[in-house]
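Beneath this line is the structure, given in structure tokens, with notes to follow.
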There are 2 protein chains.
Amino acid sequence: MGEEISNKQVILSNYVETSVKESDMSLRTSKIQLKIPSGCDGAVFVKNLYLSIDPYILGRMKKRVPYLSSYTLDSPISGYGVSKVLDSSHPNFKTGELVWGFTDWEEYSLIKDPNILFKVHDKDLPLSYYTGILGMPGMTAYVGFFEFCSPKKGETVYVSAASGAVGQLIGQFAKTAGCYVVGSAGSKEKVGLLKNKLGFDEAFNYKEEQDYDAALKRYFPDGIDIYFDNVGGKMLEAVLNNMRLHGRVALCGMISQYNSLEQSEGVHNLFNVIIKRVRMEGFFTIDHYHLYPKFLEMVVPLINEEKITYVEDIAEGIESAPGALVGLFSGVNVGKQVVVVARE
Amino acid sequence: MGEEISNKQVILSNYVETSVKESDMSLRTSKIQLKIPSGCDGAVFVKNLYLSIDPYILGRMKKRVPYLSSYTLDSPISGYGVSKVLDSSHPNFKTGELVWGFTDWEEYSLIKDPNILFKVHDKDLPLSYYTGILGMPGMTAYVGFFEFCSPKKGETVYVSAASGAVGQLIGQFAKTAGCYVVGSAGSKEKVGLLKNKLGFDEAFNYKEEQDYDAALKRYFPDGIDIYFDNVGGKMLEAVLNNMRLHGRVALCGMISQYNSLEQSEGVHNLFNVIIKRVRMEGFFTIDHYHLYPKFLEMVVPLINEEKITYVEDIAEGIESAPGALVGLFSGVNVGKQVVVVARE
């Protein structure tokens, strides 16, 4: 046995029924070997630096959501993160390298099967960006907008949850594509951010709107060509009423519905999908990582030339992870929610 | 003024609120000139032979359904039909020719703008087929299945309203594409037809199923790759629970929902569209008529070689049109509902 070290973890205490509470998770300190144990060929041992707090995690905290693998009780939550390789028995990764991808919510992780683990491409950019603009949310925005929404110059784009990890990028990508873009978010502060910092043409606070349909008609008198849906439910219904002919809806997340996935708010007007010849498509970013190099080629210059910006909400310490996750569903975070476990 | 002739018409007496009743229409006998009046360049004067009774007509009988143009009160209902040209001032059509396309529900029509009017291609086939397999429903099945569902050999296909004008063709096209196909319909007779005459692998009577989800699991233990949706509502919801990864849903009609388009049954599980990466697409056949020659090239040999069959339900006389339309929504018809106005 090699040297052991103390390892703080966030574990799943019980499966979530509807809404997530901090008490569904607990902190535990266990021990972990500093070296890769024998018999673990192809594994990577990492120190976790940043954890990505994403809405889909709630789905995996539930017991039976089809096509999402549930977490194991009393084991650490897992998700995307940025880590430093401390030991490697995998030919692609070397000790000392920085990586991002699937890891566990703990200080140190033994990643036995690093099939979703990428090298950090550009160390001059903030490392936390690999949980956001340069990681899964960035790829989600890129794939969802450019591959699934096929934007054309002059088209109108609407984004819900627009100041979030993905939404803020959709808005900025839409502007680079020559589209008119409107975002909605849940506070005055977020609306200000969208208009003043992130370059959205317009933005509104959905919590101040009695009637989503009327709000959309105000911002899109001629209708919506592209909707990047992060929320589902009533907002999706209102959007379908306002879609233009041959509109496209990318379904990426349904944060308003995660609490009750199996019986969420009904969408009662799918007839619009027919009469407006709408294409509605769901996707998982994980199916599209072959496009990651192409994405970096596009986005890194945009960041370096300050043509694109990225707002993060960084919580300190692994202890803050449960609260940060819960906060995501009440919209406490402003921008991409990240947890710092350690700074290198 | 030229010679006038008596012209029986089916007119819209009042806009339909929810369900259509025969009393929403009335029969009227008016007069029409046998020749094209002067000043009507480009018009075609026809004798109507067959009228196509289609579900979408109910949408146009309502006052305000977006993207569907409502009929004018006290004017004839219009729709697809097969007609004989009696006089023409349009360069593409000659007296004596047989045509199919948009006409009015009356014995004789002056078609002022024949932009949706096609020549009857093959006079050896039953003329009524141009309201069905060789007309709009045939094109709907062709475009919907081959263009929107991208079938691959060995995939599983489910069709609702499967013995109807479009559904019976989807099933047969699916078999030619090497797919496994199951249809649902609303009577024992229709289910027999699907299995014994139309070549579906399996069929069931949805009215005998308490739980659509369980029924679909029985016929598709490994899930559904392609759903051709003719009905919408609760059945669509059950299908989404049973879709496979990367499944495709073509939304063509929502006959179960036409009575209450604006607030139809809610679909509460669109989250499935994301987690199963489903593409859901609505279409209007009218956008795809450039494919009509290609479609005929495929379908006419299949008919001539008796590799495909087509079941029609023919009502006699223009007086039967209101009843035939109402019957469509209670499923009285078996196969494509046609009304014969005259036999040449």
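This is a predicted model, so every value here is computed, not measured. Sequence lines set the chain letters: A, B, ... in the order given, protein chains first and strands last, and positions in each chain run from 1.
- Put simply, OH on Tyr56(B) and CD1 on Ile275(A) are 14.5 Å apart, with the number rounded to the nearest 0.5 Å.
- Between Arg279(B) atom CZ and Leu251(A) atom CG the span is 13.5 Å, to the nearest 0.5 Å.
- No part of Leu240(A) comes within reach of chain B, as not one of its non-hydrogen atoms sits under 4.5 angstrom from that chain.
- If you measure heavy-atom distances from Val273(A) to chain B, the contacts under 4.5 Å come from both the backbone and the side chain.
- Interface check for chain B: of the options His246(A), Glu281(A), Lys276(A), Arg248(A), the most heavy-atom pairs under 4.5 Å are formed by Glu281(A).
- The number of heavy atoms from other shown groups lying within 6.0 Å of NZ (Lys63(A)) does not exceed 12.
- A distance of 7.5 Å separates CD1 of Ile286(B) from CZ of Arg277(A), quoted to the nearest 0.5 Å.
- Atom CG in Asp229(B) sits 9.0 Å away from atom CG in Leu270(A) (nearest 0.5 Å).
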